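Lettering follows sequence order; numbering is per chain, from 1. Any value given below was found using the heavy atoms of this structure, including those in side chains, with hydrogens, waters and symmetry copies removed. Keep in mind the model is a prediction, meaning the values are calculated, not measured.
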Amino acid sequence: MTESSEGGPEIHFYNTLGRRRERLRPRVPGRVGVYTCGPTVYAASHIGNLRTFVFEDLLRRALELRGLEVTQVMNLTDVDDKTIRDAKETGKSLAEVTDPWVDAFFRDLDRLHVQRAHEYPRATDHVPEMIALVERLIERGHAYEREGSVFFRIASDEDYGKLSGIDLEGVQQGERVASDEYGKDDARDFVLWKAAKEGEPSWESPWGEGRPGWHIECSAMSMRYLGESFDIHCGGVDNIFPHHDNEIAQSESATGETFVATWLHAEHLIVDGQKMSKSLGNLYTLDDLLERGVDLRAVRYLFLSVHYRQKLNFTFEALDGAVAALRRLDEMRFRLDHAREGEGGPRLAKAAAVLRRDFRAALADDLNTSAALAAVHGFVRKVNVAIEKVELGRGDKEAVTSALADADSVLGVLDPAAWDAGGDTAGDGLDDDAVEELVRQRQAARESREFAEADRLRDELVEAGIVLEDTPQGPRWKRR
RNA sequence: GGCGACGUGGCCAAGUGGUAAGGCGAAGGUCUGCAAAACCUUUAUUCCCGGGUUCGAAUCCCGGCGUCGCCUCCA
């Protein structure tokens with residue numbers, strides 16, 4: 001099976017490596033290995049992190065829509081300067097510090113309906129693989145040991161920097177040698193293995209006690225689960241240099257093979273036109289948004305409405321737009337539920353086919369979600385028109401529902417029922433029987449032309465979060 | 001200073017050579033007792049500014065202006 005065996009459009013991505021749009025050619029036809037840089041588990045994810053994770057979820061779902069079998073791996077960095085710092089300060093073990101953040105991370109993914117990757121390897125569980133990789137690099141002359149630490153020798157890799165295009169000749173040497181970087185031969189060299197410091201977590205290694213550097217973690221774990229050469233590697237744009245350049249240097253110097261075919265990078269999210277930062281007070285976590293009463297479904301919609309290589313300007317006004325757009329989609333479902341199918345054959349089959357076609361074409365074009373959503377909205381209009389004109393044929397409801405479900409297998413935002421489970425809207429107010437009774441009373445008042453009374457009853461319902469709609473078939477209601 | 005991305009209607013946002021998708025908002029209309037929802041119509045002769053290439057440019061080139069980001073462990 002190839003990626004276009006089902007007859008859909010060829011899938012293209014913009015590859016950061018080479019800065020070109022390229023056709024996806026899986027190494028193994030029908031299968032795609034994807035490595036996505038995950039979180040360092042020392043704090044709650046902010047919406048910028050989550051934008052990238054939603055992008056990666058979109059990628060995975062879009063590939064699966066096309067019948068590709070995806071293996072997605074995301075690392076959990078549970079040993080680094082920050083986790084160590086926090087462990088020291090609290091007197092806890094590394095695991096005690098990171099475990100709660102791992103849980104928080106998964107909770108955030110769930111709250112945004114991000115599907116789970118197939119593997120979430122933790123750095124601390126893969127130290128032997130990292131040590132083995134470092135040994136390989138030393139054997140091949142790409143790394144050297146100094147005072148218990150091991151460094152990658154950038155001068156040994158003539159391709160170094162091919163991803164970012166950086167020219168390290170221009171980087172001032174000697175100026176920024178951090179205090180823990182001991183005796184590097186060249187200021188540009190980066191650390192693969194760090195000699196242990198007093199009182200810090202460490203592992204046995206051929207170079208004494210120490211811990212792995214950050215970059216080697218991703219190389220070792222991606223190769224462990226996806227092979228020494230695989231299809232797609234993702235991350236935020238800030239990872240291009242140095243993290244991903246370093247990964248490439250390490251991996252390719254160790255194996256002599258191409259590490260990754262396609263590199264995809266998500267642009268950053270900014271807030272009110274500015275970079276998020278704690279000092280500006282515009283750094284939001286999901287908990288922050290929930291406190292403000294934000295609907296997380298709208299957050300996911302907003303994320304999807306902007307192309308992943310475009311900066312996403314997060315504003316509450318934009319969020320309101322997302323809420324309204326979703327309301328329109330939900331309204332169509334509601335109307336469809338109450339619509340009646342006529343005797344004729346299906347009339348929306350063509351519209352459904354157009355949606356499937358345009359939706360696939362949009363995603364195949366470097367995950368153009370804006371265009372994909374436009375296809376959905378175009379479909380919604382057609383369905384609304386058909387309902388309006390009472391032109392639903394036999395089987396149309398099913399056709400519409402299944403076409404939307406097809407799109408939603410990628411978007412994950414169209415089905416309100418899937419998001420209601422949290423159920424914080426229910427509980428307060430009237431139960432269904434009470435609502436029905438009030439609706440009946442109001443209808444009676446209307447029929448006897450006591451409109452003041454009818455409006456009073458409607459206001460009462462609105463107070464309780466009930467929306468009334470009068471239709472030729474009589475009144476109907478729903479909870480807002 | 002070096003490197004890069006971006007600048008499309010009130011807001012969000014597609015479109016990268018062939019004559020401006022979509023959503024939100026706004027205005028008018030149909031429907032309604034009034035609403036709500038839906039539908040119809042309108043809302044960028046124009047894509048930051050100035051040149052240039054071309055039969056033709058939002059799309060390519062040059063020069064400005066502006067915004068955002070990266071420059072050794074931040075998605």
*Starting from the 5' end of RNA chain B, give me the residue, V380(A) or Y308(A), whose nearest nucleotide shows up first.*
Y308(A)
*Considering residues at least two apart in sequence or located in another chain, which fulfil the side chain to side chain contact (heavy atoms under 4.5 Å, CB included) criterion with W101(A)?*
V41(A), A44(A), A104(A)
_Students often get this wrong, so: under 4.0 angstrom with heavy atoms, is M276(A) touching a base, only sugar-phosphate, or nothing?_
base
*Taking all atoms of both residues into account, what is the closest heavy-atom pair of D396(A) and E391(A), and its distance?*
OD2-O, 4.1 Å
*Can you list the residues that meet the side-chain hydrogen bond (donor to acceptor under 3.5 Å, both in side chains) rule with R335(A), with sequence neighbours excluded?*
N384(A), E388(A)
_Listed partners of E341(A) passing salt bridge (charged side-chain N to carboxylate O under 4.0 Å, His left out), at least two apart_ = none
*Between rC73(B), rC40(B), rA75(B), spot the one nearest the side chain of K194(A), thanks.*
rC73(B)
*asked:* In whole Å, measure the gap between the P atoms of rG9(B) and rA58(B) for me.
replied: 15 Å
*Using a cut-off of 4.0 Å on non-hydrogen atoms, how would the nucleic acid contact of L50(A) be classed: base, sugar-phosphate, or nothing?*
nothing
*Would you call E460(A)-R456(A) a salt bridge at under 4.0 Å N-O?*
yes
_Length of the CG-P vector between D272(A) and rC11(B), whole Å_ = 14 Å
*Starting from P on rC24(B), measure out to CG on D330(A) and report it in whole angstrom.*
12 Å
_Go nucleotide by nucleotide along RNA chain B from the 5' end; which of D238(A) and R327(A) gets its closest nucleotide reached first?_
R327(A)
*Take atom P in rG2(B) and the same atom in rG63(B), then report the distance between them in whole Å.*
14 Å
*Whole-Å C1' distance, rA20(B) and rG15(B)*: 8 Å
*Does a side-chain N-to-carboxylate-O contact under 4.0 Å join D245(A) and K162(A)?*
no
*What distance, rounded to whole Å, do you find between the two P atoms, one in rC11(B) and one in rA26(B)?*
15 Å
*Tell me, please, which residues at least two apart from W263(A) pass side-chain hydrogen bond (donor to acceptor under 3.5 Å, both in side chains).*
none
*Using a 4.0 Å cut-off on protein heavy atoms (strictly under), produce a 5'-to-3' string for nucleotides 26-35 of chain B with B for base contact, S for backbone-only sugar-phosphate contact, and - for none.*
-------BBB
_Expected output is a numbered-order residue list: members of residues 37-47 of chain A with a heavy atom under 4.0 Å from any atom of RNA chain B. What is it?_
H46(A)
Polar atom pairs (N or O), protein with nucleotides 15-17 of chain B, under 3.5 Å:
residue : atom : partner : partner atom : Å
rG15(B) : OP1  : N368(A) : ND2          : 3.3

Between the protein and nucleotides 20-23 of chain B, list every N/O to N/O distance that falls short of 3.5 Å.
residue : atom : partner : partner atom : Å
rG22(B) : O2'  : H377(A) : ND1          : 3.4

*How about T77(A) and D80(A): does a side-chain donor come under 3.5 Å of a side-chain acceptor?*
no
_Taking only the P atom of each, what is the distance from rU53(B) to rU43(B) in whole angstrom?_
34 Å
*What integer distance in Å separates R335(A):CZ from rA36(B):C1'?*
12 Å
*Assign G235(A) to base, sugar-phosphate, or nothing according to its heavy-atom contacts below 4.0 angstrom with the strands shown.*
sugar-phosphate
*Would one find a side-chain N or O of K82(A) under 4.0 angstrom from OP1 or OP2 of rC74(B)?*
yes
*Determine, using ring centers only, whether F259(A) and F230(A) are less than 6.0 Å apart.*
yes
*Looking for any heavy atom pair under 4.0 Å, which part of the strands does K478(A) touch: base, sugar-phosphate only, or nothing?*
nothing
*Rounding to a whole Å, what distance do you find between F334(A):CZ and rA37(B):P?*
12 Å
*asked:* Surrounding CD of E158(A) (heavy atoms of other residues, nucleotides or ligands, distance under 6.0 Å), is the total greater than 12?
replied: no
*Between R479(A) and D420(A), does at least one N-O distance fall below 4.0 Å, as a salt bridge requires?*
no
What donor-acceptor contacts under 3.5 angstrom involve side-chain atoms of residues 314-322 of chain A, with partners at least two apart or in another chain?
residue : atom : partner : partner atom : Å
T315(A) : OG1  : A318(A) : N            : 2.9

*Counting only non-hydrogen atoms, which of residues 102-118 of chain A are less than 4.0 Å from RNA chain B?*
none
_From K194(A), R85(A), K88(A), residue fulfilling salt bridge (Lys or Arg N to Asp or Glu O under 4.0 Å) relative to E200(A)_ = K88(A)
_I'd like to know whether the aromatic ring centres of H215(A) and F190(A) sit less than 6.0 Å apart in this structure._
yes
_Just to verify, what does D157(A) make a side-chain hydrogen bond (donor to acceptor under 3.5 Å, both in side chains) with, not counting sequence neighbours?_
none
*Hey, is the side chain of K275(A) poking within less than 4.0 Å of OP1 or OP2 on rU67(B), counting only N and O atoms?*
no
*How far does the C1' atom of rC60(B) sit from the matching atom of rA44(B), given to the nearest Å?*
23 Å
*Salt bridge check: are R188(A) and D186(A) linked by an N-O gap of less than 4.0 Å?*
yes
*Under a 4.0 Å N-O cut-off, is there an ion pair linking D287(A) with R292(A)?*
no
*Using the C1' atom in both, what is the distance from rG7(B) to rG18(B), to the nearest Å?*
24 Å
*Could you list the residues that satisfy side-chain hydrogen bond (donor to acceptor under 3.5 Å, both in side chains) with D415(A), not counting sequence neighbours?*
none
_Roughly how many Å apart are rU59(B) and rC24(B), using the C1' atom of each and rounding to a whole number?_
26 Å
